[in-house]
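Because the structure is a prediction, the values reported are computed rather than measured. Position 1 is the first residue of the sequence; numbering continues from there.
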Amino acid sequence: MIVGLVIACEVAFWVLLAAGLAFRYALRMPRTGLALLLCEPLLEVVLFVATAIDLRNGAQPDWRHGLAAVYIGFTVGLGHSTIKWVDARVAHRFAGGPPPVRPPRYGTARAVHEWKVAGRWILAAAVALALLQGAIWYVGDSGDTASLRGWQQSMLWLTGINVVIAASYTLFPKREPKRAEDREPAGRR
């Protein structure tokens, strides 16, 4: 039941996103589109409540409950940026909006961008970790929580990987290639 609900929430996320953007741009009803986009968090509330009810009714915590917590975490951490990313592209393509801003490619600006991306992933992992820990406490000593602890380890790995990636752009910034007119001719010194 929980896996089906996670899949249904993911499908509903994209359906609400498409409907919200269609109302916003194609039908020229921005308030209705915004209302549909604001319904997105309700999906996570439904999933959270269903998972809590399943555990309360005696279900043994397993990977499905962990998946639900991780899905909620990812939606909290990455959902807003995903909606903004899609909205910018739809506005440009279908509503004459400005072209989407590309992330910086070099130097400090790129490092700052990578830390912001890492921050979103770390937020997602932190929310998932908190929900997983809440489920572990909720179940208590009466159930086997090894699968939930396994999900927690995965979230810690995810956090570490994102920190390493962002730190690599800080410690080893990619330099902008020199333009041809800036280079000194090879024959002169």
Side-chain angles (χ1 to χ4, degrees), residues 1-95 97 99-103 116-136 138-139 145 147-159 161-162:
M1 173 183 123
I2 297 297
V3 174
L5 193 54
V6 169
I7 293 169
C9 285
E10 179 66 12
V11 170
F13 174 86
W14 290 104
V15 168
L16 278 173
L17 180 58
L21 295 175
F23 272 93
R24 192 172 189 173
Y25 296 113
L27 301 174
R28 306 268 189 244
M29 298 171 72
R31 287 186 181 165
T32 305
L34 179 61
L36 287 168
L37 292 175
L38 290 175
C39 288
E40 299 275 357
L42 294 176
L43 299 171
E44 283 64 53
V45 171
V46 168
L47 181 59
F48 178 75
V49 169
T51 304
I53 290 171
D54 192 43
L55 289 172
R56 187 188 69 203
N57 289 339
Q60 284 298 315
D62 60 12
W63 67 272
R64 289 174 278 237
H65 299 98
L67 177 65
V70 169
Y71 176 79
I72 292 170
F74 278 42
T75 304
V76 169
L78 303 170
H80 181 69
S81 61
T82 301
I83 291 170
K84 281 179 56 176
W85 185 85
V86 172
D87 183 49
R89 277 138 187 85
V90 170
H92 174 66
R93 177 90 167 113
F94 298 108
V101 177
R102 292 179 173 233
K116 287 179 182 178
V117 170
R120 288 191 291 270
W121 282 93
I122 291 168
L123 173 62
V127 169
L129 282 165
L131 290 173
L132 289 163
Q133 188 60 46
I136 290 167
Y138 188 64
V139 170
T145 58
S147 65
L148 299 178
R149 295 214 182 272
W151 278 106
Q152 283 182 318
Q153 281 187 319
S154 297
M155 294 301 97
L156 291 173
W157 274 102
L158 180 73
T159 299
I161 289 168
N162 277 282

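Atom CZ of Arg89 sits in a crowded spot, with more than 12 heavy atoms from other residues, nucleotides or ligands closer than 6.0 Å. Summarising the local packing, CZ of Phe48 is surrounded by 12 or fewer heavy atoms from other residues, nucleotides or ligands at distances under 6.0 Å.
Side-chain atoms of Leu67 and Ile2, non-hydrogen and from C-beta on, never get closer than 4.5 Å to each other. Proximity of Val3 to Trp63: side-chain heavy atoms (C-beta onward) are separated by under 4.5 Å at one or more points. The closest side-chain heavy-atom distance from Gln133 to Arg149 is below 4.5 Å.
For Val45, the side chain to side chain contact (heavy atoms under 4.5 Å, CB included) test picks out Val49, with sequence neighbours left out. In terms of the side chain to side chain donor-acceptor pair (under 3.5 Å) criterion, Gln60 has no residue partners (sequence neighbours excluded). Leu158 pairs by the side chain to side chain contact (heavy atoms under 4.5 Å, CB included) definition with Phe74, Trp121, Ala125, Met155, Asn162, not counting sequence neighbours. Evaluation of the side chain to side chain donor-acceptor pair (under 3.5 Å) rule for Asp54 yields His65 as partners, not counting sequence neighbours.
When all heavy atoms of Pro61 and Ser147 are compared, the closest pair comes out as O-OG, 3.5 Å. Across every non-hydrogen atom of Ala68 and Val6, the tightest pair is CA-CG2, 3.9 Å. Smallest separation of non-hydrogen atoms from Ala88 and Pro100: O-CG, 4.1 Å. Considering every non-hydrogen atom in both Leu55 and Ala59, the closest pair reads CD2-O, 3.8 Å.
Interatomic distance, Leu47 CG to Thr75 OG1, rounded to the nearest 0.5 Å: 8.5 Å.
Applying the salt bridge (Lys or Arg N to Asp or Glu O under 4.0 Å) test to residues at least two apart or on different chains, the pairs with a partner in residues 55-71 are Asp62-Arg64.
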Side chains of residues 7-29: which donor-acceptor partners sit under 3.5 Å, not counting sequence neighbours?
from	atom 1	to	atom 2	distance (Å)
Glu10	OE1	Tyr71	OH	3.2
Glu10	OE2	Trp14	NE1	2.7
Tyr25	OH	Asp87	OD1	2.6
Tyr25	OH	Asp87	OD2	3.4
Arg28	NH1	Tyr25	O	3.0

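Applying side-chain contact (heavy atoms from CB on, under 4.5 Å) to Gln152 and the options Leu131, Val70, Ile136 leaves one that passes, Ile136. Looking at Ile122, Val76, Leu132 one by one, the single match for side-chain contact (heavy atoms from CB on, under 4.5 Å) with Val127 turns out to be Val76.
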